[in-house]
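Heads up, the thing below is written out as structure tokens.
Residue numbering restarts at 1 for every chain, and letters A, B, ... go by the order of the sequence lines.
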Number of protein chains: 2
Amino acid sequence: MKILPEKTVERLSQYRRTLNNYVAEYGKSRIYSHELAALLNITAVQVRRDIMFIGYTSVQRKGYNIKDLIQVIGNIIDSPDSINVAVVGYGNLGKAITTYFAGNRPKLKLVAAFDIDPKKVGSEVNNVKCYSIERMREIVALNDISIAILTVPTHAAAEMAKVLIQTGIKGILNFTTVNLHVPSNIYLEEYDMITSLEKVAYFVKHRPLG
Amino acid sequence: MKILPEKTVERLSQYRRTLNNYVAEYGKSRIYSHELAALLNITAVQVRRDIMFIGYTSVQRKGYNIKDLIQVIGNIIDSPDSINVAVVGYGNLGKAITTYFAGNRPKLKLVAAFDIDPKKVGSEVNNVKCYSIERMREIVALNDISIAILTVPTHAAAEMAKVLIQTGIKGILNFTTVNLHVPSNIYLEEYDMITSLEKVAYFVKHRPLG
DNA sequence: ATCTTTTTGTTATAAAAATAACAATATTGA
DNA sequence: TCAATATTGTTATTTTTATAACAAAAAGAT
């Protein structure tokens, strides 16, 4: 299949989670595009267009079969084989992410954490165990980890990214406020809390009231 | 001034932080567009265009005066009066954000935290004190808090957002995985870690190698 | 049975964002 | 002094994303 637009991938992830919650809460088996849209504060057209992208079709006028749709989304955005993930930096943020991550994501598994602090090594949150940085290469290889979530302090970020890339990781989700530089075969996603907050501040002040 | 594109606002926030770090590290006073671009993994045109948006001009061929540029960015994205922010939910994530927030942001102040857990009430991280939810209305009014960072557990998110809006908050940065619904005069920014991670997973698998 | 309504799927259009192209100008060096 | 070069500022173009418009089909109403 052709590669999907970035924004569509983001929304598909959200559709899936929203649909799972919706089933759990209301027990319905079908949903209209405008209903799903309302749950996400977007438009029904947007939903239908995204669903068109992944090639799922329902019977007209009956809404989408939720179970099927969840499955099709999974076939598209999940990889066939499970992907293993590690958290690097096991402070408050690393632990928070581990907690957020709990839940049934059959194709995406948080399998290890790393920290330089000997006091943290050996600790566990949600069955995710913390190893020393020295053992990173070994543990990454052993568990076939391909994505790292980087939550170390600012001063350690660049060096840690370098080490991670040496271990053979393929993607980094960067929570630090440092601008990382990675080879072009590594997928880098920046996740910048301060920028998000400054953006909220700007639009709270400047946005036309509506 | 005309309202800026969303992406430009995001980058301006990043330019400012990057420039501050750059000055601290290298002590230079000027920077070329392509140098700033390289630090952020974007193009020089992008930088120049954003700088054009905010109306700053340098002398051609000499690069930008860093100190001036930082100041102009501040004039644009900061509000003239300081904006006060609260963290709602003082678990691992709330505390992590408080730590990230430390640093000199003269116009954006994290002034309070709230939590329902009596054990957390009264605790402090980085001089940010935690109050009980019951005192929210009072503390928000007293400190003129206009933005809330929502980091409570999933099941509490919707109700907490409702209460926050009643207290008169104007913007919410939502870290929970719940789809919130807010009146149109409230600026809502979603910050979804799981979606970001699923996106990395998708592009690690599907992106053309480059 | 036929008309009306509702909802999907798709094509067409618009808006936002990024990139390219290039004129203008300062600097360097012959 | 004058040509070559480097860099900014801006307009033009392309790409990406979102919205609008609407045909097709199912369901219900008359």
What's the [atom1]-[atom2] distance between [X] and [N], to the nearest Å?
X	N	atom1	atom2	result
B:I42	C:dT19	CD1	P	9 Å
A:R48	C:dT6	CZ	P	14 Å
A:L36	C:dT7	CG	C1'	14 Å

Response to the item:
Assign each of A:K62 and B:V59 the nucleotide of DNA chain D bearing its closest heavy atom; nearer the 5' end lies the nucleotide of B:V59

Item to complete: For B:I51 and for A:T43, find the nucleotide of DNA chain D with the closest heavy atom, then tell me which residue's nucleotide is more 5'.
Response: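 The residue closer to the strand's 5' end, by nearest nucleotide, is B:I51.
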
Discussion item. For the residue pair A:R11 and A:Y15, would you count it as a cation-pi contact if the rule is NZ or CZ under 6.0 angstrom from the ring centre and within 45 degrees of the ring axis?
Written reply: no

Discussion item. Using a 4.0 Å heavy-atom cut-off, does B:T8 contact any base of the nucleic acid, only the sugar-phosphate backbone, or nothing at all?
Written reply: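 Counting heavy atoms under 4.0 Å across all strands, no contact is made by B:T8.
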
Using the side chain to side chain contact (heavy atoms under 4.5 Å, CB included) criterion, which residues pair with [X]? Sequence neighbours excluded.
X	answer
A:V45	A:T43, A:R48
B:S29	none
B:K107	B:D78
A:Q71	A:N75

Report each atom pair, protein N/O against N/O of nucleotides 11-17 of chain C, whose distance is under 3.5 angstrom.
unit_1, atom_1, unit_2, atom_2, d
C:dT11, O4, A:R49, NE, 3.3

Quick test: give all pairs of protein nitrogen or oxygen and nucleotides 28-30 of chain C nitrogen or oxygen below 3.5 Å, distance rounded to 0.1 Å.
none

Discussion item. With heavy atoms of chain A within less than 4.0 Å as the criterion, where does contact along DNA chain D begin and end?
Written reply: D:dT17 to D:dA27

Item to complete: Sort and list the pairs that fulfil salt bridge (charged side-chain N to carboxylate O under 4.0 Å, His left out) and have at least one residue in residues 80-90 of chain B, not counting sequence neighbours.
Response: A:K205-B:D81

Fill in: Residues that A:K199 engages under salt bridge (Lys or Arg N to Asp or Glu O under 4.0 Å), provided they are two or more places apart
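Scan of A:K199 (salt bridge (Lys or Arg N to Asp or Glu O under 4.0 Å), adjacent residues dropped) gives B:E6, B:E10, B:E189.
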
Discussion item. Can you tell me how the ring of B:Y131 sits relative to the ring of B:F114, calling it parallel under 30°, perpendicular over 60° and tilted otherwise?
Written reply: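 Ring orientation of B:Y131 relative to B:F114: tilted.
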
Contacts under 3.5 angstrom, residues 31-39 of chain A side chains, donor-acceptor by atom type, not counting sequence neighbours:
unit_1, atom_1, unit_2, atom_2, d
A:E35, OE1, A:Y32, N, 2.8

Discussion item. Under the rule for side chain to side chain donor-acceptor pair (under 3.5 Å), what residues qualify as partners of A:N41, not counting sequence neighbours?
Written reply: B:H181

Practice prompt. Give a yes/no answer on whether the side chain of B:Y32 brings an N or O atom under 4.0 Å of OP1 or OP2 in C:dT27.
Written response: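 No.
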
Ignoring hydrogens and angles, write down the donor-acceptor pairs under 3.5 Å from the side chains of residues 139-159 of chain A, residues two or more places apart or on other chains.
unit_1, atom_1, unit_2, atom_2, d
A:N143, ND2, A:I139, O, 2.9
A:T151, OG1, A:V88, O, 3.2
A:T151, OG1, A:G89, O, 2.6

